2 protein chains.
Amino acid sequence: MLSGVTVGLRERKKQATRAALHESALRLVAERGLDRVSVDDIAADAEVSPRTFFNYFPSKDDAVIGLDPEHPLRLAEALSARPATETPVQALRAAQVAEAARMAAESQLWPLRLQVVDAHPALAARLTASFAQSEQLLAEWLADRTGTRAELDVQPSLLAAVQGSVMRSALHRWRAGGYTASLPALVAEGWDQVEAGFPAPRR
Amino acid sequence: MLSGVTVGLRERKKQATRAALHESALRLVAERGLDRVSVDDIAADAEVSPRTFFNYFPSKDDAVIGLDPEHPLRLAEALSARPATETPVQALRAAQVAEAARMAAESQLWPLRLQVVDAHPALAARLTASFAQSEQLLAEWLADRTGTRAELDVQPSLLAAVQGSVMRSALHRWRAGGYTASLPALVAEGWDQVEAGFPAPRR
DNA sequence: GCGCATGTTTGCAGTGAGTGCAGTTTTCCT
DNA sequence: AGGAAAACTGCACTCACTGCAAACATGCGC
């Protein structure tokens, strides 16, 4: 019933292969640059055939980013669990701080990911796109929660987009500060700004 | 000196070819879908050789999106022209409302663009990426203006990202409403939310 | 343990994006 | 008019990605 439990050898092998492909892709691209690494290189490094690569990732870029495909669903679950008395901003903030803590735990992968994303605009686009996919879902959840229409009212689509902005900005500053700061704290700092309406800083 | 004036036949032809390629790409993809249109098709439709296509756009996707490459510079200029007494949010809002008016004037192209972008996630990524490129510049301008550090302080990077969110959300709602609303008004409505810190709507 | 159903891996052959280069044509300027 | 500079084009090449069908591994009932 629960998704986390390991079911059998087959499933475990698939997870391992997926992780191996992602880590090979990430490491090789970090070392040599995106256009000096072919899919064949990645497949060879992960010890599968080139054809198998495409059973796991639809494109080279996706393998390099390698995000958990179930992430949007977890976000949706986390939000549904928030008490109904919270405002949308409070619920998003709480869910995202929790998410940030989970991401910070993967402390090996994120610095590499952010490094390669920073070096290759095409990868930045892919990463942003995966955030954007969650945002679509998020907008509908927000519309549902506030009794507005996702397509026509301002708040659902804008707040969903802003939520992505908070995370991207936090990741950006996390990297810029050499990963010394706490990612959840950076996320919280972002939401402080949002809730305060971006006050002009005193000079 | 000024960039707007047409300099000669050569420059005018280049602009025309670029526009023709973009419009062919956009129209064909809207009609048939992204993967049923080849670069050769687009080049043939615009009456240039396939090889010439790549002198104008680095990829098929870029041709379909076809954004003005000088846009980030114009945004920077517009912002520098704002009075220094304005808060960052006020300046961004004013610049973006003006930008929205300019975009709404291109009323033939945007509905098609938004249609194809909506139908093809890969194109959405490219469009978002071009917004993100402006955001990089914007973050530095904001840091400069408020005397903060673009890399480490919250406001520059977050506000730059939020600015993009406001525009994307406005475009989304513009399309959802069948282009009956005024784009500048939708943008302004977004900024109202941002300035108010996303108040919980009354049920 | 045995064998069948099902899912996974792989090779092969093909399409089409994108690039470097070298030769030709067009525009510009004097 | 005539030469310099820029744009256009064809050719040959690499590599991402896909469909198909054959080999292979795993799970499961017996």
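Because the structure is a prediction, the values reported are computed rather than measured. Note that these values count all heavy atoms, side chains included, but never hydrogens, waters or copies made by symmetry.
At the phosphate of dT9(D), OP1 or OP2 sits under 4.0 Å from a side-chain N or O atom of Thr52(B).
DNA chain D is contacted by both Thr17(B) and Phe57(A); Thr17(B) maps to the nucleotide lying nearer its 5′ end (nearest heavy atom per residue). The nearest heavy atom of DNA chain C to Arg10(B) and to Lys60(B) marks one nucleotide each, and the one closer to the 5' end goes with Lys60(B).
Under the 30°/60° scheme for interplanar angles, the aromatic rings of Tyr179(A) and Trp174(A) are found to stand perpendicular.
Atom OH of Tyr56(A) is separated from atom P of dG7(C) by 14 Å (rounded to the nearest Å). Protein atom NZ of Lys13(B) is 9 Å distant from nucleotide atom P of dC28(C), rounded to whole Å. Atom NZ in Lys14(B) sits about 14 Å away from atom C1' in dT26(C), given to the nearest Å. Straight-line distance from the CG atom of Asp35(B) to the C1' atom of dC17(D): 12 Å, rounded to whole Å. For Phe53(A) and dC15(D), the CZ to C1' distance is 12 Å, given to the nearest whole Å. Atom CD in Glu11(B) sits roughly 12 Å away from atom C1' in dA7(D) (whole-Å rounding). In this structure, Arg51(B) places its CZ atom 13 Å from P of dA22(C), rounding to the nearest Å. One interatomic measurement links the two molecules: CG of Asp61(B) to P of dG16(C), which rounds to 16 Å at whole-angstrom precision.
With distances taken from any side-chain atom of Phe54(B) to the nucleotides dG18(C), dT26(C), dA16(D), the minimum falls on dG18(C).
Looking at heavy-atom distances under 4.0 Å, Asn55(A) makes contact with a base.
No hydrogens or angles considered: nothing links the side chains of Glu135(A) and Gln163(A) as a donor-acceptor pair under 3.5 Å. Under the 3.5 Å distance criterion, with hydrogens and angles disregarded, no donor-acceptor pair is assigned to the side chains of His22(A) and Arg27(A).
The CD atom of Glu47(B) lies 8.5 Å from the OG atom of Ser24(B); values are rounded to the nearest 0.5 Å.
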